Asks: 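Can you keep this structure in mind? I'll have questions shortly.
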There are 2 protein chains.
Amino acid sequence: MTRQRIIEESLSLFANHGYENTSLTMIAELVGIKKPSLYNHFKGKEAIFSAVLDDVAAREMEVMQTEINVPTSDSIDDQLFGIYKNYLAHLSNSMEGLFFKRVTFFPPDEFAEEIKRVFLLVEECLTNIIRPIFEEGKKTGKLRALSTDTMTSAFYTLIDGLFLEENFYPREVFETRKQASWKVFWLGIQA
Amino acid sequence: MTRQRIIEESLSLFANHGYENTSLTMIAELVGIKKPSLYNHFKGKEAIFSAVLDDVAAREMEVMQTEINVPTSDSIDDQLFGIYKNYLAHLSNSMEGLFFKRVTFFPPDEFAEEIKRVFLLVEECLTNIIRPIFEEGKKTGKLRALSTDTMTSAFYTLIDGLFLEENFYPREVFETRKQASWKVFWLGIQA
DNA sequence: CAATGACTAACTAACGGTTGTTAGTCTCTA
DNA sequence: TAGAGACTAACAACCGTTAGTTAGTCATTG
């Protein structure tokens with residue numbers, strides 16, 4: 001019980017302040033216990049971070065399968081745009097999104113490898129969703145005859161760019177960027 | 001003399017470790033003096049960071065005017081691609097690029113406003129370079145009849161995405177993304 | 001049924017180390 | 001002879017961590 005609370009509060013602290021700028025005092029305070037009591041549940045700060053990372057990884061994989069994917073009955077552009085929109089919304093609104101942004105971009109040295117591994121896992125999960133859509137689109141002639149890798153790469157760059165812009169620009173500017181980027185991307189891949 | 005050395009070494013430390021994870025001891029060591037001697041040149045850590053930020057801002061503005069811009073004799077796609085390539089190369093290879101990446105996306109709270117101001121200034125500088133190119137392109141019919149804002153927004157998202165990917169993926173993956181993203185972007189705005 | 005022992009999870013106190021910062025001193029140079 | 005710029009020594013505050021204690025819970029046992 002307390003263990004789960006520690007993970008949750010730590011997630012939000014790590015997401016907002018990064019690993020090194022989050023102190024055990026802050027975590028303990030938010031949980032409502034004293035600092036040394038944390039050691040009843042975790043071996044130390046690194047163990048807390050690891051637990052948070054594992055938790056986030058598991059939850060992200062699940063979200064990817066359930067929330068991001070959309071019914072295949074839609075047309076290709078609706079389908080793609082749906083994924084685009086859902087994924088960005090998830091990154092924007094969830095604490096996991098902010099956490100991911102923090103730690104993938106400037107990871108604490110001792111976790112760099114593990115974080116990269118988790119991130120690539122999540123990315124692969126998304127790739128498995130969008131590749132078939134691109135391929136189907138090419139087959140039915142709705143998309144240009146670009147390689148699937150090209151489309152996937154461009155799609156990711158798009159998402160990464162917005163991912164990054166989301167917490168920097170005011171919401172209205174961000175919305176403009178989101179719409180504009182999609183429009184140009186779609187014109188770029190559409191047959 | 002020493003003052004300038006402090007700024008330079010601090011720039012690289014702030015760029016690589018962030019503000020909070022850079023200690024005065026580290027700076028002093030790299031400069032080759034003892035920690036308290038820093039106070040002969042700056043009021044404190046915050047003052048050092050401010051000086052670095054000002055320095056970077058000035059240098060970035062100059063780079064933007066000289067290195068990024070390319071001769072207008074080229075065709076529109078060469079011109080745009082030149083800017084794209086030059087700007088990304090600058091962000092990738094210069095210490096200022098890494099510094100910018102660090103501090104714009106996860107700024108130390110007390111500098112958030114100032115950093116944003118500087119960033120938007122640099123961005124505006126780039127906007128002044130690319131907007132006329134888009135408009136010229138539309139006039140000559142080489143580009144689609146999209147609004148200039150749409151093109152500019154999409155261009156920035158593209159750059160921001162690669163900006164992020166550059167220090168995360170291995171160089172080869174990054175190069176793939178860079179090429180693919182440009183291809184789709186160009187197909188998206190080309191008439 | 002009552003008592004014992006093990007376990008969990010909280011606590012206080014304190015550790016050594018590092019942080020940014022200040023005070024005061026010495027030395028070279030203009 | 002000033003002053004600039006280096007130094008040493010020390011500060012309080014905070015860091016992650018450890019040790020040792022205490023209270024409550026639960027299962028096993030006489």
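None of these values were measured; they are calculated from a predicted model. A note on names: the letters A, B, ... follow the listed sequences, proteins ahead of strands, and every chain is numbered from 1.
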Asks: Please give, in whole Å, the distance from D:dG5 P to B:Q4 CD?
Replies: 14 Å
Asks: I want to check something: taking the side chain as every heavy atom from C-beta on, are A:M95 and A:N16 in contact at a cut-off of under 4.5 Å?
Replies: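 When only atoms from C-beta onward are counted, A:N16 and A:M95 do touch, with a gap below 4.5 Å.
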Asks: Check whether the ring centres of B:Y156 and A:Y169 lie less than 6.0 Å apart, and answer yes or no.
Replies: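 No, the ring centres sit 6.0 Å or more apart.
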Asks: Which residues, if any, of residues 27-34 of chain B bring a heavy atom under 4.0 Å of DNA chain D?
Replies: B:I33, B:K34
Asks: For A:S37 and C:dA9, is the shortest distance between a side-chain N/O and OP1 or OP2 below 4.0 Å?
Replies: no
Asks: Once you round to the nearest 0.5 Å, how far does CG of B:L98 lie from CD of B:E166?
Replies: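 Rounded to the nearest 0.5 Å, the CG-CD separation comes out at 8.0 Å.
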Asks: With a distance cut-off below 6.0 Å to the six-membered ring centre and an angular limit of 45° from the axis, does A:K45 pair with A:Y19 as a cation-pi contact?
Replies: yes
Asks: For A:K178, is there an ion pair with A:E175 - N to carboxylate O distance below 4.0 angstrom?
Replies: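 Yes, A:E175 and A:K178 are salt-bridged.
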Asks: Establish, yes or no, whether a centroid distance under 6.0 Å links the rings of A:F100 and A:F163.
Replies: no
Asks: Return no unless some side-chain N or O of A:H41 is found under 4.0 Å from OP1 or OP2 of C:dA10.
Replies: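 For C:dA10, OP1 or OP2 has a side-chain N or O of A:H41 closer than 4.0 Å.
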Asks: Write down the distance between CE (A:M1) and P (D:dG24), rounded to a whole number of angstrom.
Replies: 21 Å
Asks: Quick check, are the ring centers of A:Y84 and A:F185 under 6.0 angstrom apart?
Replies: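 No, too far apart.
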Asks: Protein within reach of the bases, or only the backbone? For nucleotides 14-30 of chain C, mark each nucleotide 5' to 3' as B, S or -, using heavy atoms under 4.0 Å.
Replies: -----SBBB--------
Asks: Which pair of non-hydrogen atoms, one from A:Q4 and one from A:D55, has the smallest distance, and what is that distance?
Replies: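 For A:Q4 and A:D55, the tightest heavy-atom pair comes out as NE2-OD2, 3.9 Å.
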